[in-house]
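Down below is the structure, laid out as structure tokens.
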Amino acid sequence: MDNNIENIESGQSKGGIMGLERYDLAVERKHRIGCNCCQAVLLAFAGEIKERWNSRKAAECVAAGGISAGDEIFLEALGSGFGSGMGGMDATCGALVGAGMVLGLLDGNADIDAGDKAKIDGSETLPRKLTSVKMPTVLKARNLSAEFKEKVGSLRCADIKGIHIDPQTGNVVRGQVLCSCDDCVRHAVQIAQKFLDSDR
């Protein structure tokens, strides 16, 4: 395993190693092992995910055979259905899906109080930005989506790649690419890290 990636995955660093940032390592890994955008984002946080889930007695093992939540085989399987975005380019960008999974795996919702639950289930109006000391994961995910859309231009994979179907002919029409897949991975990793760091 590449030393840079091994150090990131073991949780030894949250930032750069030898000049490479976590988001660049995610892109490097995407090309080197051929994983999709969702998997690249998940694997960028593998060390921290493993550390958190191995320390939780109730979640020592999340699959048969003793596979831990942070093991690469688990994270690759978790993200495997999101190549070319959710639904094969028809819905959400895979990198953003991966970032949402990272928030769930590393942040969780164990600390949501009754007031937060009321906001989440719709009985109260959700603020666009929440500035409390500990933001519930679902609100972080909402803000993650909003920030990702602001940086990339869309949440939908096909729109980001500039690919559309002509409704009259059914032909694929290629338009302007809003953001490269590599940059979508970079943005997703950076934004997820920002929200994870906000409570530390």
Side-chain angles (χ1 to χ4, degrees), residues 8 11 13-15 21-23 26 36-59 62 69-70 74-75 77-82 85-87 89-160 178-179 181 183-200:
I8 283 288
S13 174
K14 296 177 192 150
E21 296 289 340
R22 181 194 302 269
Y23 51 83
N36 67 40
C37 296
C38 182
Q39 291 168 322
V41 173
L42 283 165
L43 291 170
F45 293 90
E48 287 152 296
I49 292 168
K50 188 169 189 170
E51 183 180 324
R52 178 174 192 231
W53 282 82
N54 282 347
S55 67
R56 295 181 66 172
K57 196 170 187 180
V62 294
F74 173 81
L75 295 174
L78 184 63
S80 63
F82 302 97
M86 196 177 217
M89 290 182 31
D90 193 41
T92 308
C93 168
L96 178 58
V97 171
M101 290 178 185
V102 165
L103 288 182
L105 289 166
L106 287 176
D107 193 59
N109 280 326
D111 55 353
I112 295 178
D113 65 24
D116 291 329
K117 286 181 181 173
K119 290 174 188 168
I120 291 163
D121 71 17
S123 57
E124 290 183 27
T125 304
L126 279 169
R128 181 168 172 87
K129 300 281 182 184
L130 192 72
T131 57
S132 64
V133 175
K134 177 70 174 163
M135 185 187 303
T137 307
V138 70
L139 296 182
K140 285 182 182 177
R142 171 178 277 201
N143 291 339
L144 174 108
S145 291
E147 192 166 330
F148 185 86
K149 184 176 183 179
E150 188 178 311
K151 289 182 180 292
V152 172
S154 178
L155 301 179
R156 188 170 173 263
C157 181
D159 294 340
I160 294 167
L178 300 178
C179 187
C181 291
D183 283 341
C184 286
V185 168
R186 288 184 182 98
H187 289 311
V189 169
Q190 285 178 301
I191 300 167
Q193 185 68 64
K194 173 181 140 181
F195 283 109
L196 291 170
D197 288 344
S198 68
D199 292 325
R200 292 179 183 162

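A188 approaches V41 most closely through the heavy-atom pair CB-CG2, 4.0 Å. What you find for A26 and V185 is that their closest heavy atoms are CB-CG1, 3.8 Å. Contact record, C184 with V152: SG-CG1, 4.0 Å, taken as the closest heavy-atom pair. Between A99 and A192, the shortest heavy-atom distance links the atoms CB-CB, 4.1 Å. Considering every non-hydrogen atom in both F82 and N36, the closest pair reads C-ND2, 3.9 Å. When every heavy atom of H187 is checked against every heavy atom of C179, the shortest pair comes out as CD2-SG, 4.0 Å.
Contact of the F45 side chain with the L196 side chain is registered, since non-hydrogen atoms from C-beta on lie closer than 4.5 Å.
A side-chain donor-acceptor contact under 3.5 Å links R22 to the backbone of A44.
In this structure, CG in L103 is found 10.0 Å from CD1 in I191, a value given to the nearest 0.5 Å. In this structure, the separation between CZ on R156 and CG on L178 is 11.0 Å, given to the nearest 0.5 Å. Taken to the nearest 0.5 Å, the SG atom of C38 stands 9.5 Å off from the CG atom of L43. Remark: L75 CG to M101 CE distance equals 10.0 Å, nearest 0.5 Å. In this structure, E21 CD and Q190 CD are separated by 8.0 Å, a value rounded to the nearest 0.5 Å. How far CG of L78 is from OG of S80: 8.0 Å, rounded to the nearest 0.5 Å.
Side chains of D197 and Q193: a donor-acceptor N/O pair is present below 3.5 angstrom, by distance only.
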